[in-house]
Structures are given as structure tokens and as C-alpha cells.
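Read through the structure below, which is laid out as C-alpha cells, and then see the notes.
Worth saying up front: this structure is predicted, and the values here are computed from it rather than measured. Below, each value reflects all heavy atoms present in this structure, side chains not excepted, and no hydrogens, waters or symmetry copies. Lettering follows sequence order; numbering is per chain, from 1.
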Amino acid sequence: MFRVFRKEVEKCLEDFSDERFIRESEHADLTCTVAFKLAKEKRKKPADIAEEIVESISTELPDYVGSVEVVNGYINFYASMEFLEDAVNVILDEDEDYGSMTEQGNVLIEHTSANPDGPLHIGHLRNSIIGDTLSRIFKKAGFNVRTQYYTNDMGRQIALAVLGIRRFGLSDKKPDHAVAEAYIAINRLIEEDEKVAEQINQEADQIMLKYELGDEDVSLEFKNMVEKALEGIRQTLESLNIKHDEVIWESEFIRNGYVDMILKRIDEMGLLIKDGAWYIDLVSKGYEKNVVVRRENGTSLYITRDLAYHAWKNENFDRFINILGADHKLIGKQLSDILALLNLKPPEIVFFEFVSLPEGSMSTRKGKFISADELIEKVYQEAYEIIKEKDMPEEEKKRVARSVAVGALRFDFVRLAPEKSMTFDWKKALDFERQTASYIQYSHARACSILRKAVEKGMPDLEISGELCTQSEKDLILHLSKFTTVLERVIKELRPNVFADYVLDAAIKFNEFYRLHPVLKEESELRMHRLAIVDASRIVLRNGLRVLGIEPLEKM
RNA sequence: GGGCCCGUAGCCUAGCAUGGAUAAGGCGACGGCCUCCUAAGCCGUAGAUCGCGGGUUCAAAUCCCGCCGGGUCCGCCA
């Protein structure tokens with residue numbers, strides 16, 4: 001709805017300004033700074049120019065623009081009572097669908113894609129949560145979204161994990177953790193003894209070659225190991241409300257001919273140098289180094305399969321988005337540049353900076369990481385401690401603690417701008433006294449509680465009235481009306497943290513309203529008016545939480 | 001060495017795309033609020049050379065240049 005208001009303001013100003021100078025402001029519902037720009041060429045004071053503009057437009061303001069005024073050269077626009085009423089009524093009418101848009105197109109979001117050599121750790125979590133939140137946002141916007149986990153089933157790490165299991169077997173831990181044990185153990189051998197290391201690396205080369213050539217026994221071994229790890233990873237993701245539509249195995253692109261196809265295409269473009277190994281000639285394009293796409297022994301590399309994968313994405317999707325750690329920036333750029341040389345569309349890539357521990361960066365290989373499972377469990381325990389005291393059946397306490405924990409984790413990870421690195425802090429992760437997911441869930445529960453009591457008391461009627469709106473109510477309603485405006489921005493900029501902030505702000509503004517305005521003790525019209533605002537807030541908080549993959553609790 | 005990212009109160013962060021009105025929150029500190037719709041809440045106080053230096057501009061946290069500090073990448077690994 002806010003978009004309609006904005007369009008009207010733009011229309012008002014079309015003779016004087018373009019949309020660049022119109023922006024949101026803490027001082028007005030929308031403000032225009034064009035008078036400052038015009039001041040120089042017209043050789044007049046900004047305030048005078050602003051006055052002239054306002055004079056010429058204020059005779060017939062559109063329906064949703066209530067008033068215009070000039071303050072220090074700014075032209076300030078305020079929404080009308082009619083706008084406030086329509087905004088609330090649209091939210092109440094659309095209910096579950098409020099915030100949905102009508103964008104079209106097939107979108108692929110590839111996220112997580114962690115190597116299946118152990119459990120997800122808290123770094124992978126950042127990837128999963130950004131990816132899952134983006135996919136929910138794109139769905140809400142109307143896109144046809146598919147999510148994929150692209151799994152490396154044929155790299156060196158995977159071969160080492162297979163060899164680890166050969167040597168040490170698998171314990172009966174959760175399968176991804178069991179795989180990690182074997183993987184860490186074999187890496188320790190490699191670290192300890194150079195001779196052993198050389199032998200193991202040769203073995204790894206051999207089984208990688210066999211796997212690529214389709215040797216049956218080795219394939220079975222690889223497949224079993226990867227599936228074990230993926231099964232554990234799937235469980236972890238599920239507990240965070242994250243589910244991929246499908247898992248794509250890198251090896252598929254060897255078997256289905258896409259790798260050969262892409263190599264042929266590179267060759268036809270005259271970009272391939274065959275000198276033992278095969279290279280893509282990038283040096284002649286001004287790059288520092290060429291990229292190897294086929295080893296001397298004939299096997300493919302990660303980049304080769306990834307090129308093939310992206311050729312497939314080109315055939316099937318309008319937009320394809322990858323979520324990658326910042327350590328993939330170089331290879332991401334190489335991938336994109338090579339695709340461009342082949343006249344294929346490169347992916348849109350969301351890079352996020354590292355999650356590290358206070359004592360340094362994480363490493364699955366060295367066993368230096370905090371697993372997602374451990375984090376989830378500890379946060380759950382902490383949430384349970386708080387809810388233990390409440391008056392609620394035991395089963396419900398557990399359920400609430402679970403969703404508060406999941407919410408807290410998801411929110412903390414998604415809220416941070418992707419380009420910021422993150423140092424993990426147990427104290428912070430376990431603190432629910434902050435403005436975070438539980439704060440939003442709590443605000444939602446408060447709204448639900450008021451509405452529940454209204455029904456119990458036999459006064460469920462809602463009726464918004466623009467005239468009765470206080471400043472705090474106007475602020476709240478205006479914010480509620482911005483749902484799709486924010487969604488639009490996230491779709492363009494691929495920054496889901498912006499949406500997390502939007503939902504948090506909705507909770508903050510609702511709490512301010514809650515403090516200032518009693519609802520149930522008011523009489524008739526005022527009560528119905530405020531109940532309408534409570535219900536609209538409830539809907540926005542609920543829909544917002546769902547888009548963030550967080551359960552909107554009705555009691556907590 | 002080169003590329004990319006980050007640097008905003010004691011701590012964590014938003015704002016930077018598209019320059020504009022007293023730089024906005026949280027944690028922590030201090031002082032308050034439950035006969036009142038959920039205190040996982042709220043109110044108030046203290047706390048900022050927006051890393052440093054230059055430049056562009058009527059106007060810079062925001063744009064440009066240089067520097068400093070931290071992270072990360074530069075494999076016939078992924």
C-alpha cells in the first residue's frame with residue numbers, strides 16, 4: 001500500500017522532480033529534497049523554491065496525500081486518513097496473503113552446498129539461513145522458486161573421507177558426525193607423517209579416478225558415504241525449518257554429458273589449451289592465470305562441473321542465485337567470467353563473510369568447529385530454562401522452547417549484513433533478553449492475546465478510523481504498509497537482513513503502541529479502531545515471521 | 001606483493017545503493033515501572049574525533065584519492 005502513496009507523491013511532483021529526490025524520512029512520511037538541487041540553477045533559496053512547488057501542487061492533492069508542508073527547504077508529505085484506513089483494511093482483507101506480490105519467473109536458489117565430509121557447522125548455517133530466507137522472500141513475491149543443495153561427491157576431501165572410513169570405520173553417532181570422525185582421523189594421519197601422507201594422497205587419486213570412470217565398488221563406497229553425511233545434514237536443516245527441493249550431485253554432470261558438452265563448447269570458442277592438462281586461456285583475456293578444467297589423468301575439477309551445472313541452470317531458470325562464503329569470491333568471478341565468454345548467463349551470487357570462533361577460523365578437517373547441532377541444542381536448553389517457570393503444559397513448553405530457539409538462531413544469522421564478518425559468541429547466542437526473534441514472537445503473542453480476550457469478552461468487532469489515529473498509530477500503520485516495498489528491495493539487492501530489520505521494527509512500533517494505548521478497556525468505536533490496528537499488526541508480524549522461517553507463536 | 005570485504009559510544013549492529021534536517025537501535029552501566037490487554041516487556045540517565053588524512057559539494061558516516069588496522073583469496077583443492 002505504501003507504494004501507492006509513494007506513486008501519488010511522485011505524480012504530484014512530476015513537473016518538478018524525479019523519484020530520486022523522494023525518500024523516506026524520520027521527519028515525514030515521505031520527503032523531497034529537490035529544492036536544494038534547484039537552488040543553485042535558479043539562484044533562489046531552497047525554502048522559497050519549496051514553497052513555490054507546494055503552492056502549485058497543494059490545490060489538488062491526491063486521495064492518499066493528506067498534507068504537504070515545507071520545513072527548512074524540505075517538502076514533507078503526510079499520508080491521509082483515507083490512506084491509513086485503506087492500509088489497515090487491505091491488511092485485514094488479505095490476511096495470510098498480505099505482502100504477497102505477483103512477480104513471475106522461475107528462480108533457482110542454490111544454498112548450503114557444504115561438502116558432505118561432516119556435519120554443518122555454524123559457518124554453513126549462515127549460508128543455509130540466508131539462502132532459505134531468500135527463497136521464502138522470493139516465494140512470497142510470487143516467483144516460482146526451487147532450492148537445490150549442490151553436493152560435492154567427487155572432490156579430494158570426499159575421497160579422503162572414504163579412505164578414512166575404510167581405515168577407521170564408522171561409529172554409531174549421528175551419521176554426519178560419524179563421517180567427520182573418520183575424516184578428521186585420516187587428516188591427522190596425513191598431518192603426522194609425510195610418508196603416510198603421500199601414500200594416502202596417491203590412494204585418493206586412484207579412487208577419484210575410479211569414481212569418475214564409474215567403477216562399481218568405489219562408486220558404491222562414495223555413494224554410501226555421501227548419503228550418510230547428507231542424511232545427517234538434512235536432519236539438522238529440518239530442525240531449522242530448512243528443506244531443499246532437491247540435492248544435485250556433482251557427478252551427475254559427468255554422467256549426463258554436460259561436462260563433455262561444456263569442454264567442447266570451450267574448445268569451439270578457441271579458449272581451450274591442451275597441454276597435458278587442459279586449461280581455459282584467460283591470460284590472453286587479461287587475467288593473471290589460466291584455469292585448469294581437466295587434470296592430466298583425465299579427471300574433471302570442481303570448476304568444470306560447476307560450469308556444466310550452470311549451463312544446465314541457464315536452460316531451466318530465469319534467475320539463478322548462489323549463496324557462497326566470501327572465500328569463493330575468486331572462483332565465483334572466474335565462473336561468471338567464463339560463462340560470459342561462452343555466451344551464457346552468470347549466476348547472481350550472494351557472498352557472505354566468515355563466521356569465526358574467538359580463537360580463530362573454523363576447519364572441519366582439523367575438527368575445529370562448533371556444529372550446528374550443538375548450537376541448536378544449547379540454545380534450546382537455554383530457551384527451556386526461561387519457559388520452565390511459565391504456566392503451560394510440559395509438551396507445549398518444549399514446543400515453544402524449540403521454536404524460540406530456532407527463531408533466535410535464524411534471526412541472529414539473517415539479521416547481520418552479509419558483508420560483515422561474524423565472531424561467534426556463546427553468551428550472545430544464548431541471550432534472549434535482546435531485541436531479537438523472541439522479541440518479535442513475544443510481540444505477536446501479545447497481539448494474539450488481546451484479540452483472544454476481545455473475543456472472549458464478546459466484542460470482536462474491528463473498525464479502523466483515520467480520525468482516531470494518534471501519532472504512534474500513524475507511524476505503526478505506515479510501517480505495516482511497507483511490507484511489499486521492503487520485499488521489492490530485497491529481491492533487487494539480495495539482502496535479506498533488510499527484511500529482518502523490517503519485521504523487528506514492526507515489533508518495536510507495535511510495542512510502542514501497546515504501551516501508549518489501552519485497547520480492551522476503551523469504549524465502542526475507539527476499541528474497535530484499536531482492535532483493527534492490533535489485528536493488522538498481528539498479521540504483519542505473523543506473515544513477516546513466516547517469511548523469516550520463524551514460527552509465529554500465539555502464546556509464550 | 002596483488003585482488004576483494006570490513007572499521008560507526010566499553011561491546012554488537014543499522015544507516016552508505018540514490019549525499020540533505022539533532023548519526024538510530026540493542027547489550028553492558030546507572031535510576032525507575034507488574035492492584036493496569038503477557039515484565040521474553042517498558043521508561044529515563046550517561047556514553048560517538050562515524051579508523052586516520054586529503055579532496056569534491058551550499059551540504060559527506062554516505063562519493064573520490066591516499067594511508068592505517070583486521071579478515072579473506074591468489075592449487076592439475078573445493
Side-chain angles (χ1 to χ4, degrees), chain A residues 18-23 25-28 31 33 35-37 39-40 45-46 71-74 76 113-115 117 152 154-158 160 205 250 276-279 288-289 291-297 299-303 305-306 325-331 333 351-354 356 361 383 386-387 390 400 404 408 415-423 425 427-428 431-443 445-454 457 489 492-493 495 497-498 501 504-505 508 511-512 514-522 530-531 534 555-556:
Chain A
D18 62 69
E19 52 174 305
R20 284 206 318 270
F21 299 108
I22 302 169
R23 57 195 55 188
S25 158
E26 54 186 303
H27 305 282
T31 194
T33 58
F36 295 98
K37 274 281 178 276
K40 198 170 193 181
K45 282 193 262 181
V71 182
N72 300 332
Y74 296 88
N76 287 344
S113 302
N115 281 344
D117 53 18
N152 165 20
M154 50 192 335
R156 172 155 250 108
Q157 285 92 328
I158 304 314
L160 289 175
D205 282 338
E250 278 189 18
W278 294 4
Y279 304 81
E288 204 177 315
K289 287 175 180 170
V291 171
V292 178
V293 286
R294 203 176 100 132
R295 294 190 184 93
E296 205 158 357
N297 72 2
T299 52
S300 62
L301 288 98
Y302 170 81
I303 181 90
R305 293 163 233 140
D306 213 16
D327 54 334
H328 285 68
K329 276 190 179 177
L330 178 62
I331 193 145
K333 185 170 164 25
F351 290 108
F352 63 92
E353 287 290 331
F354 263 48
S356 58
S361 54
I386 293 173
I387 200 169
K390 306 242 168 175
V400 170
V404 165
R415 200 189 165 197
L416 187 64
E419 67 273 15
K420 301 264 188 179
S421 56
M422 190 171 182
T423 304
D425 177 355
K427 191 166 162 262
K428 211 182 128 201
D431 182 5
F432 293 96
E433 306 284 312
R434 298 178 301 128
Q435 281 192 343
T436 178
S438 56
Y439 177 86
I440 303 170
Q441 287 172 309
Y442 184 73
S443 308
R446 269 182 160 174
C448 289
S449 173
I450 294 173
L451 293 162
R452 200 164 45 232
K453 292 208 159 112
K457 292 183 177 187
R489 185 174 158 202
K492 204 168 80 189
E493 299 178 18
R495 294 166 60 81
N497 57 305
V498 169
D501 271 337
L504 179 61
D505 278 339
I508 289 171
N511 275 319
E512 185 181 316
Y514 180 91
R515 169 171 62 91
L516 297 172
H517 306 304
V519 178
L520 297 176
K521 62 168 72 156
E522 298 294 349
R530 292 196 176 151
L531 278 172
V534 172
K555 285 183 190 168
M556 64 187 284

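In this structure, A:Glu296 reaches the bases: a heavy-atom distance under 4.0 Å links it to at least one base atom across the strands shown. Among the heavy atoms of the strands lying under 4.0 Å from A:Phe36 is at least one base atom, whether or not backbone atoms are also near. The residue A:Asp18 sits apart from the nucleic acid: no heavy atom pair falls under 4.0 Å. Nucleic acid contact class of A:Lys521 (heavy atoms, under 4.0 Å, all strands): sugar-phosphate only. If you check every strand for non-hydrogen atoms under 4.0 Å, A:Phe21 touches nothing. Residue contacts for A:Thr31: at a heavy-atom cut-off of 4.0 Å it reaches a base atom on one of the strands shown. Within the nucleic acid shown, A:Lys37 comes within 4.0 Å of at least one base atom, counting heavy atoms only. Nucleic acid contact class of A:Val292 (heavy atoms, under 4.0 Å, all strands): sugar-phosphate only. Residue contacts shown for A:Arg452 are absent, as no nucleic acid heavy atom lies under 4.0 Å away. At the heavy-atom level, A:Glu250 lies under 4.0 Å from the strands shown only through sugar-phosphate atoms. Looking at heavy-atom distances under 4.0 Å, A:Val293 makes no contact with the nucleic acid at all. Across all strands, A:Leu520 comes closer than 4.0 Å to base atoms (heavy-atom distances). When heavy atoms are screened at a 4.0 angstrom cut-off, A:Ala417 is found touching the sugar-phosphate backbone but no base atom. Residue A:Glu493 is in base contact, counting any heavy-atom pair closer than 4.0 Å across all strands shown.
Straight-line distance between the P atoms of B:rG53 and B:rC68: roughly 15 Å, to the nearest whole Å. Of the C1' atoms belonging to B:rC43 and B:rG25, the separation is 16 Å, rounded to the nearest Å. Rounded to a whole angstrom, the distance from the C1' atom of B:rG15 to that of B:rC76 is 46 Å. When the P atom is compared between B:rA17 and B:rC77, the two are found 42 Å apart, to the nearest whole Å. Going from the C1' atom of B:rG41 to that of B:rA78 covers 47 Å, rounded to whole Å. Nucleotides B:rG32 and B:rA46 are separated by 15 Å at their C1' atoms, to the nearest Å. Taking atom P in both B:rC6 and B:rC63, the straight-line distance is 10 Å, to the nearest Å. Taking atom C1' in both B:rU62 and B:rG51, one finds a spacing of 16 Å when rounded to whole Å.
In this structure B:rA61 sits in no base pair that meets the Watson-Crick or G-U test at under 3.5 Å. Base pairing analysis places B:rA48 opposite nothing; no Watson-Crick or G-U wobble pair with both distances below 3.5 Å involves it. Pairing of B:rG10, defined by two Watson-Crick or G-U wobble distances under 3.5 Å, is identified with B:rC27. If you check B:rC4 for Watson-Crick or wobble pairing at under 3.5 angstrom, you find it paired to B:rG71.
Not a single donor-acceptor contact under 3.5 angstrom links the side-chain atoms of A:Thr436 to the base of B:rA40. No hydrogens or angles were tested; on distance alone, a donor-acceptor pair under 3.5 Å links the side chain of A:Lys390 to the base of B:rA40. Contact of A:Asn76 with B:rA21 (side chain to base): a donor-acceptor pair of N or O atoms is detected under 3.5 Å. Taking 3.5 Å as the limit, the base of B:rA21 and the side chain of A:Thr33 contain no donor-acceptor pair of atoms between them.
Residues A:Lys453 and A:Tyr279 each lie close to RNA chain B; by heavy-atom proximity, the contact nearer the 5' end of the strand is made by A:Lys453. Between A:Ile508 and A:Ile387, the residue whose closest nucleotide on RNA chain B is further toward the 5' end is A:Ile508.
At least one donor-acceptor pair under 3.5 Å links the side chain of A:Arg295 to the backbone N or O of A:Ser300.
The CG-C1' distance, from A:Asn497 to B:rU13, rounds to 11 Å in whole Å. When rounded to the nearest whole Å, the span between CD1 of A:Ile303 and C1' of B:rC77 equals 12 Å. Rounded to whole Å, the distance from CG on A:Asp501 to C1' on B:rA24 is 11 Å. In this structure, the OH atom of A:Tyr442 is 9 Å from the P atom of B:rC42, given to the nearest Å. One atom, NZ of A:Lys428, and another, P of B:rC27, lie 12 Å apart when rounded to the nearest Å. Between the P atom of B:rC12 and the CG atom of A:Asp425 lies a distance of 10 Å, rounded to the nearest Å. At whole-Å resolution of the value, CD in A:Glu19 and P in B:rA17 are 16 Å apart. Residue A:Tyr302 contributes atom OH, which lies 15 Å from atom C1' of B:rG75 at whole-angstrom precision.
Residues A:Leu451 and A:Leu531 have side chains in contact (heavy-atom distance under 4.5 Å, counting atoms from C-beta outward).
Around CD of A:Glu493, the count of heavy atoms belonging to other residues, nucleotides or ligands within 6.0 Å exceeds 12.
Base orientation of B:rC64: anti (glycosidic angle beyond 90° from 0).
With respect to the salt-bridge test (charged N to carboxylate O, under 4.0 angstrom), the residues A:Asp425 and A:Lys427 do not qualify.
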